[in-house]
> 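Below are the structure tokens for one structure; questions will follow.
For clarity, every value in this text was computed on a predicted model and none was experimentally measured. Numbers restart at 1 for each chain; the letters A, B, ... are given by sequence-line order, proteins then strands.
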Amino acid sequence: MTLEEKKELQKFALQIRIATIECIKSRGFGHVGGSLSIADTLAVLYKRIMNYDPKDPGLETRDKLVCSKGHAGPAVYGTLALCGFIPYEQLYTLNQPATKLPSHCDRTLPGIDCTTGSLGQGTSQAVGIALGDKLQGRDCRTFLITGDGELNEGQCWEAAMFAAGKKLNNLVWIADWNKRQLDGSLEEILPQFDLAEKFKAFGFDTVTVAGDDVEGLYEALSRRSEDKPIAVVLDSVKGRGVKAVEESAGNHSMNVAPEVFDEWLKELRDKLAEMG
Amino acid sequence: MKIVYTGEKDSRQYKSVIPQVIDKVMQADDKVVWLDADLMGCSGTKGSYGKSDRYINCGIAESNMAGIAAGLAASGLKPYAHSFGPFVSRRCFDQVFLSAGYANNPITMVGTDPGITAAFNGGTHMPFEDVALYRCIPGAIICDCTDVPMLESFLTQAKDLPGVKYIRVGRKDSRQVYEDGTQFTVGKGNVVRDGKDAVIVASGIMVHEALQAAKKLAEEGIDVAVIDPFTIKPLDEELIRTYAEKTGKVVSAENHNRIGGLTSAVEHALIGMPVKFGYVAVEDEFGEVGPQDYLRTRYDLTDEHIVNVIKGM
């Protein structure tokens with residue numbers, strides 16, 4: 001990857017973060033931490049990895065994204081707006097009456113491939129989508145993003161067992177290991193030991209990458225296997241990109257004054273400006 | 001529609017019919033897939049596993065199976081998923097409700113061994129609440145299967161119906177009520193027997209009990225109608241209200257808890273009507289093990305009990 005390409009991805013990730021915060025600011029509260037931690041992943045997926053056409057969001061042969069940690073909806077919505085699936089102004093309808101942008105992703109919105117939010121449920125659906133594509137002879141992949149707290153749900157491991165057992169090499173499982181869940185750190189709530197080893201033991205081709213390393217992400221998400229699903233463990237930081245959010249213990253869902261959102265946005269816009 | 005009921009057992013067992021129908025449905029539509037949770041031997045589909053990649057064994061993980069079915073539907077396929085009744089209802093209810101129902105991914109769930117037909121598998125395997133659960137999924141279509149022609153008709157049309165579909169059906173014996181090839185319509189009940197003194201609304205194995213009860217009552221000069229709703233949801237409320245008005249006495253009969261199933265649905269259909277209402281259903285109890293004949297009397301799901309309820313009205 002050239003420096004220019006890397007910079008382009010980093011700038012896109014910043015734009016996603018800005019769109020995410022603008023989206024949440026419009027309602028005054030929302031899931032900030034877990035949205036920001038996957039911004040770089042979404043940037044790499046939508047800029048360099050995934051095959052899609054925003055004008056034909058239902059195209060059967062497209063690559064699919066299942067954001068099983070559905071509360072990261074604002075980051076996905078921001079990405080979809082920047083990629084032309086929805087008008088940017090639609091981001092300001094988050095959680096408004098009759099919106100298509102609820103807190104948790106809903107597939108009535110163009111570009112959302114799976115309704116998620118009840119944690120764990122996106123995993124089996126993603127597996128079903130990947131299997132369905134294979135059965136119908138489509139050469140495309142399904143990218144599944146789960147949280148780390150989400151992996152407390154036993155259904156995730158049922159889905160993992162199936163994906164590896166049935167050799168779904170068109171599934172890429174991205175586990176956002178940001179080390180925090182709603183009530184506190186993973187260590188405090190329910191320690192997970194070695195996530196990468198878990199995925200390996202389940203039969204995945206597994207790699208760990210820093211959550212904001214766009215170059216590493218590009219390599220990890222480009223990985224292919226003959227007969228295994230891919231697992232990418234994101235060594236990430238909840239709230240990544242906005243210092244105050246990163247440092248806040250309770251950053252899962254945040255409710256702050258408009259001026260505070262504006263400070264966060266200024267920080268992000270300044271960084272973007274610095275990049276030229 | 002022609003009624004061919006004799007009261008004799010059908011020589012065909014359900015588990016020999018299921019794979020025949022599914023094979024036929026698959027031949028007609030290459031989008032159809034069958035999922036099972038390590039119970040292909042019980043649904044009769046084991047012989048097809050490995051011969052076609054459209055028979056998928058998910059292992060003993062019903063919640064995952066329901067979610068996979070939803071994902072397959074999202075990819076454009078038409079999934080059927082089978083396990084025993086409690087495992088395709090209680091065990092994976094949230095997945096059916098959200099991943100399929102709420103997310104608008106049409107799937108068909110097939111639950112075998114409803115109620116007392118679970119017999120020797122006992123209380124852990126005996127669903128008296130599966131219909132209640134499915135009834136509260138918005139838009140769900142629910143069938144308590146009466147006989148082989150009904151199974152065939154339901155399975156054949158389910159793949160193209162919207163939303164969540166659920167059929168509860170035995171694996172073994174049934175008594176044929178309808179002529180082979182009968183086409184059933186969702187939301188349209190069937191008058192299996194006409195009558196003017198009372199009406200029994202019965203589903204599944206209780207249609208046979210209702211017809212036996214009607215026969216006994218006829219010997220005493222009491223002329224009882226029997227309605228089989230085909231689908232408990234949507235329920236043919238109009239037909240039930242018409243017969244309620246005509247006879248003034250309504251009895252529901254179901255192999256299910258009286259809470260949340262056919263009894264509740266019929267009672268709801270009769271709101272505001274000046275009619276007498278009774279039921280034959282499992283009281284608010286758990287299941288238990290035993291031969292089906294024993295369970296039939298243990299839970300009072302008998303023709304005699306129907307007779308007594310009607311006479312007591």
> Taking all non-hydrogen atoms of both residues into account, name the closest pair between A:Q155 and B:S63 and its distance.
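Between these two residues, the closest heavy atoms are NE2-O, 3.8 Å.
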
> State, with a plain yes or no, whether a side-chain heavy atom of B:S75 is found less than 4.5 Å away from one of A:K64.
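No; the side chains remain at least 4.5 Å from each other.
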
> Would you say B:K46 has more than 12 foreign heavy atoms packed within less than 6.0 Å of its NZ?
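No, because the 6.0 Å sphere around NZ of B:K46 holds 12 heavy atoms or fewer from other groups.
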
> Taking atom NZ of B:K172 as the centre, does the number of heavy atoms from other residues, nucleotides or ligands within less than 6.0 Å exceed 12?
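Counting other residues, nucleotides and ligands, NZ of B:K172 stays at 12 neighbours or fewer.
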
> The test is side-chain contact (heavy atoms from CB on, under 4.5 Å); show your working for B:N105 and A:Q125 and say whether it passes.
CA-CA 10 Å; B:N105 288 312; A:Q125 291 185 76; 3.6 Å; yes

> Going by atom types alone, do A:Q121 and B:S99 pair a side-chain donor with an acceptor below 3.5 Å?
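Result is yes, a qualifying pair exists.
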
> Measuring from B:I56:CD1 to A:L131:CG, what's the distance to the nearest 0.5 Å?
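The CD1 atom of B:I56 sits 4.5 Å away from the CG atom of A:L131.
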
> To the nearest 0.5 Å, what is the distance between OG1 (A:T108) and CG (B:N104)?
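So the OG1 of A:T108 and the CG of B:N104 are separated by 9.5 Å.
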
> Give a yes or no on this: more than 12 heavy atoms of other residues, nucleotides or ligands lie within 6.0 Å of atom CZ of B:R91.
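Incorrect, the count does not exceed 12.
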
> Do any N or O atoms from the side chain of A:E158 and from the backbone of B:N64 form a donor-acceptor pair under 3.5 angstrom?
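Checked: pair present.
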
> B:N57 and A:F162: which non-hydrogen atoms are nearest, and at how many Å?
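Reported closest heavy-atom pair: O-CE1, 4.3 Å.
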
> Around atom OH of A:Y92, are there more than 12 heavy atoms from other residues, nucleotides or ligands closer than 6.0 Å?
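Yes, the 6.0 Å shell around OH holds more than 12 heavy atoms from other groups.
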
> So, taking the atom named OG in A:S124 and the one named CD1 in B:I68, what distance separates them when rounded to the nearest 0.5 Å?
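If we round to the nearest 0.5 Å, A:S124:OG and B:I68:CD1 are 5.5 Å apart.
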
> Should we count CG of A:D139 as having more than 12 external heavy atoms under 6.0 Å?
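Result for CG/A:D139: open.
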
> Between B:D94 and A:S118, what is the shortest heavy-atom contact and its length?
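Minimum heavy-atom separation between B:D94 and A:S118: OD2-OG, 3.4 Å.
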
> Taking atom CD1 of B:I60 as the centre, does the number of heavy atoms from other residues, nucleotides or ligands within less than 6.0 Å exceed 12?
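Incorrect, the count does not exceed 12.
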
> Between A:K166 and chain B, with a heavy-atom cut-off of 4.5 Å, which part of the residue counts as in contact: side chain, backbone, both or neither?
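For A:K166, the side chain is the part near chain B, not the backbone.
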
> Between B:A103 and A:T115, which heavy-atom pair has the shortest distance, and what is it?
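The pair with the smallest heavy-atom distance is CB-CB, 3.5 Å.
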
> Using modelled atom types only, decide if a donor and an acceptor are shared between the side chain of A:R107 and the backbone of B:A74 within a distance under 3.5 Å.
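The answer is no, because no donor-acceptor pair under 3.5 Å joins these two groups.
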
> Would you name the heavy atoms of A:G128 and B:L72 that are closest together and state the gap between them?
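The pair with the smallest heavy-atom distance is O-CD2, 3.3 Å.
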
> Return the option, out of B:A61, B:G59, B:A69, with the maximum number of heavy-atom pairs under 4.5 Å with chain A.
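Among the listed options, the one with the most contacts to chain A is B:A61.
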
